[in-house]
Amino acid sequence: MSDFSAVFTKTSAFSLAGVVLLGTVAYLASKALLPKDTRWQDKYVFVWLAFDALIHFIFEGSFLWHSVLGREVNTGTGMFAEMWREYAKADFRWGVSDPTVVSLELLTVLGAGPLCCFILYQLVRSDPARHYWIVVLSTAEIYGGWMTFCPEWLTGSPNLSTSNVLHLWVYLFLMNFLWVIIPLFLMVDSYTHIAGTLRSVQRSAKAKKGQ
């Protein structure tokens, strides 16, 4: 416990509080925008995607602002630069505008963020076409997580700090594992819907031929 308290700063607290705040906003948006008869599963999907979009646009968008056009987090000023310097204590690449990380974040902010919003729109309209786009989004986010950490694992993780509980289990594990396990669940759920619908159509077509 002393190891945790030694590295847990005010910036850590404010950053994690910001994550909780965005989750609360996502939940309130689901209450305000979804039809009353929406399935509970779809309500959870909405909350996740709204939270996902806010993280991409606000948190990761601020990282991009401090990491392009010659800028970097380690020399940036302001609240978000301070927040990312805190995260960079766990993964040093985020402080120095690492090209691989910045490239992935460009796709995340400019691609995944808007796609989240599009799927949210489809959820509000109860459009089943969302399941295709959920698979696309989930695949991209799982791939992004892989490309963020696989190069580190292959080279002995020289940029990762795993020496304390906060950096290893909160910053590196929790804040990244969520973007693997939840997209994986969403992908499986949407696959079930897509495959089930197509198989139902196929059975109907065979039944008509057999009449």
Side-chain angles (χ1 to χ4, degrees), residues 11-65 79-80 83-84 86-87 94 104-148 166 169-200:
T11 302
S12 307
F14 283 123
S15 300
L16 294 175
V19 172
V20 173
L21 175 61
L22 295 187
T24 302
V25 171
Y27 172 76
L28 294 175
S30 73
K31 301 290 285 185
L33 298 175
L34 286 176
K36 300 301 182 184
D37 59 347
T38 301
R39 296 187 318 147
W40 67 266
Q41 295 95 329
D42 290 334
K43 290 179 181 178
Y44 281 111
V45 172
F46 185 100
V47 171
W48 167 254
L49 290 174
F51 172 74
D52 196 15
L54 290 169
I55 289 289
H56 291 334
F57 287 135
I58 298 175
F59 280 19
E60 291 171 292
S62 69
F63 167 77
L64 277 185
W65 173 258
M79 176 181 65
F80 286 108
M83 180 193 74
W84 283 109
E86 177 66 26
Y87 183 78
W94 294 78
L104 288 169
E105 288 303 311
L106 281 168
L107 287 175
T108 299
V109 175
L110 302 179
L115 184 53
C116 283
C117 294
F118 178 62
I119 299 171
L120 289 170
Y121 171 75
Q122 291 181 313
L123 269 166
V124 172
R125 293 173 58 86
S126 299
D127 185 351
R130 68 183 180 275
H131 290 293
Y132 169 79
W133 294 110
I134 286 174
V135 171
V136 172
L137 174 67
S138 298
T139 301
E141 295 200 317
I142 292 171
Y143 178 76
W146 176 260
M147 289 306 298
T148 297
L166 180 66
W169 294 109
V170 179
Y171 292 172
L172 294 178
F173 181 77
L174 180 62
M175 293 303 174
N176 291 284
F177 183 68
L178 287 176
W179 273 266
V180 174
I181 191 64
I182 296 180
L184 183 61
F185 167 79
L186 294 181
M187 187 186 296
V188 171
D189 181 65
S190 288
Y191 165 80
T192 301
H193 282 279
I194 294 170
T197 300
L198 292 175
R199 286 167 181 158
S200 178

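Atoms considered below: every heavy atom in the structure, side chains included; atoms not considered: hydrogens, waters and symmetry mates. For reference, positions follow the sequence shown, starting with 1.
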Chemist: Can you find a heavy atom in the side chain of Val109 that is under 4.5 Å from one in the side chain of Phe63?
Modeler: no
Chemist: Please round to the nearest 0.5 Å and tell me the distance separating atom CH2 of Trp48 and atom CD1 of Ile55.
Modeler: 8.0 Å
Chemist: Look only at the side chain of Ser30 and the backbone of Tyr27, and say whether a donor-acceptor pair between them is shorter than 3.5 Å.
Modeler: yes
Chemist: Would you say Phe46 and Thr38 make side-chain contact, with heavy atoms under 4.5 Å?
Modeler: no
Chemist: Can you confirm whether Gln122 sits close enough to Tyr132 that some side-chain heavy atom of one is under 4.5 Å from a side-chain heavy atom of the other?
Modeler: no
Chemist: Looking at every non-hydrogen atom in both residues, tell me the closest pair between Cys116 and Leu137 and how far apart they are.
Modeler: SG-CD2, 3.7 Å
Chemist: Does some side-chain heavy atom of Trp133 sit less than 4.5 Å from a side-chain heavy atom of Val136?
Modeler: yes
Chemist: May I have all residue pairs that pass salt bridge (Lys or Arg N to Asp or Glu O under 4.0 Å) and include part of residues 119-130, sequence neighbours excluded?
Modeler: Asp42-Arg130
Chemist: Do you know the tightest heavy-atom contact between Thr139 and Met187?
Modeler: OG1-CE, 3.3 Å
Chemist: Rounded to the nearest 0.5 Å, how far does OG of Ser138 lie from CG of Leu49?
Modeler: 8.0 Å
Chemist: Verify side chain to side chain contact (heavy atoms under 4.5 Å, CB included) between Leu166 and Glu86, making sure each step is shown before the conclusion.
Modeler: CA-CA 11 Å; Leu166 180 66; Glu86 177 66 26; 4.2 Å; yes
Chemist: Once you round to the nearest 0.5 Å, how far does CD1 of Ile119 lie from NE2 of His131?
Modeler: 10.5 Å
Chemist: Would you confirm whether Thr192, through its side chain, and Val188, through its main-chain N or O, come within 3.5 Å as a donor-acceptor pair?
Modeler: yes
Chemist: Taking ring pair (Phe, Tyr, Trp, His ring centres under 6.0 Å) as the test, write out the residues that go with Trp65, two or more places apart.
Modeler: none
Chemist: So how far is it from Arg39 CZ to Leu123 CG, rounded to the nearest 0.5 Å?
Modeler: 9.5 Å
Chemist: Would you say Asp189 and Ile134 make side-chain contact, with heavy atoms under 4.5 Å?
Modeler: no
Chemist: Mark yes or no for whether Trp84, through its side chain, and Phe59, through its backbone, hold a donor-acceptor pair below 3.5 Å.
Modeler: yes
Chemist: Within this structure, what is the CH2-CE distance for the pair Trp94 and Met83, rounded to the nearest 0.5 Å?
Modeler: 9.5 Å
Chemist: Check residues 172-185 and write down every donor-acceptor pair under 3.5 Å in which the side-chain atom is one partner and the other belongs to a residue at least two apart or another chain.
Modeler:
from	atom 1	to	atom 2	distance (Å)
Asn176	ND2	Tyr87	OH	3.1
Asn176	ND2	Tyr171	O	3.2
Asn176	ND2	Leu172	O	2.8
Trp179	NE1	Asp52	OD1	2.6

Chemist: Does a side-chain heavy-atom distance below 4.5 Å link Leu16 with Val170?
Modeler: yes
Chemist: What is the distance from atom CG of Leu64 to atom NE2 of His56, rounded to the nearest 0.5 Å?
Modeler: 11.5 Å
Chemist: Is there a ring pair (Phe, Tyr, Trp, His ring centres under 6.0 Å) between Tyr44 and Trp40? Walk through the geometry before answering.
Modeler: CA-CA 6 Å; Tyr44 281 111; Trp40 67 266; 5.7 Å; yes
